[in-house]
Amino acid sequence: MSAKPAVLLIGGVDPQGCAGLTADIQTVSHHDCHPVPLVTALTEQRSDGLVNLGALSAEAFLTQYESCVADFDIAAIKIGLIPDRHIADCIVKIVERHEVPVILDPVLAASSGGLSIEPEVSEIIRQQLLGKITLLTPNLPELGRLSAEVQPMELAAQQLLNEGLAACLVKGGHAETAFATDYFSSAQTTFYVYQPRLKNQVRGTGCVLASSIASQLALGHDLRDAIILAKAYLTRGIRDANQQGPYHLVTHHRHPLTISDIPRLCYRADLIGKHFDFPACPKNLGVYPVVDSADWVERLLTIGVKTIQLRIKDKATAKTRSEIFDAVATSQQHHEVSFFVNDHWQMAIEAGAYGVHLGQEDLHDANLLEIEQSGLRLGVSTHSYWELARALAVNPSYIALGPVYPTTSKQMPWAPQGIERLQQWQSILADQYPLVAIGGIDLPRARILKQTGVNSVAMISAITQADDYQSVTRELVHLWADHHL
Ligand code: TZP
Ligand code: MG
C-alpha cells in the first residue's frame, strides 16, 4: 500500500477524548490520511466547563514540531486551539515553512462556553496568520471576535478578505434558522451551503469539519469540493451521533455517502431552503445525442432516438430561434420524444420544448422560477461535488456528470471523472435522479457504461462525427433498447 498523505494537526488535548485532537485524529484516519498531532495545550475540561487551558511552553511545542516533520512530508495543516500568544507566534513560523493548504478553525469561542483566550491571540491571527492560510472556519461568535464588521456575516467575512484572507467558511450553526447554513466567501465566489437542521449540541463538530476539509485537500480535492465532502461527512456523523456520558459525539465511519448527507448550495440568501419542483422525465433517458441543428434532430429522431438535445452556441439570435422552433415541431411529430434545449430557456419556453438543459453558469443566470412555472423539465450539468450540491438544491429532472472520458468537443478544466466516480454518483443518486453520463462516450464505451446502471449516455462526436452516423446510432439505440422504463 502506498503512503497516506500526512495531515499536521495543531491543537489541544481534551482529556475526555471528545473534541480537539482526538476528534481531529479520528476524522483524518477515517479519510485514509495519516494524522500527525502537534499538541498546543493539555486542557482540563469536563461537562461543567473548561477549568484550565494548560498551554505548552513555546520551547516544548517547537521541539515536538521538529519530530512531527522529521520523517515525512506534510500534505495539509489543520490548526485548532491556540492557547496563548507564544504558541500563536510559533504557529505563524510553522505555517511559513510549509507550502501546503492550511485550515484554521479559530477556537476562540466554544459552543459550550467557558473558554477564554487572551485577546492577543486574536490579534496575531488577524495580523500574521490570516494572510497565510487557505481557509478560515469561524462560527458566528468567532467571526465577531476576528472581524471589525460585526454583522451581517457576509460583510464580516468580506472584511477579513479585505485584510488578506483567501477564503472563509462561516458556520451558521448557532443561528436559530430552519436550515443550518454556512456561508463561503473568497475572492472568486460566494455561496451558501445549507441542510435541514439536525440534532444540536454534538461535541467536536468544528474540529471534525476543519479536519475533514484538511484531509480532502491533502487527498487532492479542490477547496469547494473539500467543503462539500466535509459537510457531508459531518452531517452523517451528527445524524448517527452516539451518546457518551453527558455528550453526543460525532460518529466516524466510512459508509458510502447518501443523497441526504450532501448539502445544498445556492448563491442567494433568499433561495436558502427553496423547494423547486420540476416535472420528472423518463428515468432511463437512454441514448442522448447532443446536436447543433434542427436537421440533426430530424435525422436522429427518424432513426429511433428518444432523447435529444439541441445545443446551439455562437449563432445569431434569429437563427437560434428558428432552429429551436423547427426542432420542437419535429420532436412533436415523433412519438414519446424528450427534446431538451441547451441554455436558451426563454426560447425553449416560447417554443414549447419538453425541457431545458443548463450548465452551471446558465443555472446561475436563468430564472428558475419561470422555467418551473412553465412546466419544462430541467437537466443540469455537473463536473464536481460542489456542482452536484448546486444541482441538488434546484431538484432538477435529471443530473448529467461529465466528462466521463477525455473529450475534444468542449474545453473544460476538469480531468475525466472515470467510471468509478460515475458508479459512486449512480449509487448516491440511485432512485431519485436519472444520471446522464457525458464526455468521450462512443459505442464500445457505452457498452461498458451500461453495466454501471447509469440511466443515460449523452454524446456529441460519436454520432455527429461518425463515418456512418446511421449505423452507429442504430447500434446505440439497440444497445439501450432492453433498458426498460
Ligand atoms: N459536457 C461535458 S463533456 C461534453 C459536454 C457538453 C462534450 C461531450 O462531447 P463528446 O464528443 O461526446 O465527448
Ligand atoms: Mg469551533
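Remember, it's 1-based here, ligands and their atoms both numbered in the order they're listed.
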Are side-chain heavy atoms of W296 and S293 found at a separation under 4.5 Å?
->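 Yes - at least one pair of side-chain heavy atoms lies under 4.5 Å apart.
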Side chain proximity check, Y233 to H252, heavy atoms < 4.5 angstrom =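 In short, these two side chains touch, coming nearer than 4.5 Å.
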Near ligand 1, which residues have a heavy atom under 4.0 Å away from one of its atoms?
->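 Within the 4.0 Å shell of ligand 1, which is judged on heavy atoms, sit R311, T407, S409, K410, M412, I438, G439, G440, M459, I460, S461.
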Answer yes if the ring centres of W480 and Y288 are under 6.0 angstrom apart, and no otherwise.
->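 Centroid separation for W480 and Y288: 6.0 Å or greater.
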Using side chain to side chain contact (heavy atoms under 4.5 Å, CB included) as the criterion, list what pairs up with D32, not counting sequence neighbours.
->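 Listed in chain order: K4, R254.
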salt_bridge(E323, K315) N-O dist < 4.0 Å |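 Looking at E323 and K315, the cut-off is not met.
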Has H253 got more than 12 heavy atoms of other residues, nucleotides or ligands less than 6.0 Å from its NE2?
->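 Yes - once you tally the heavy atoms of other residues, nucleotides and ligands closer than 6.0 Å, there are more than 12.
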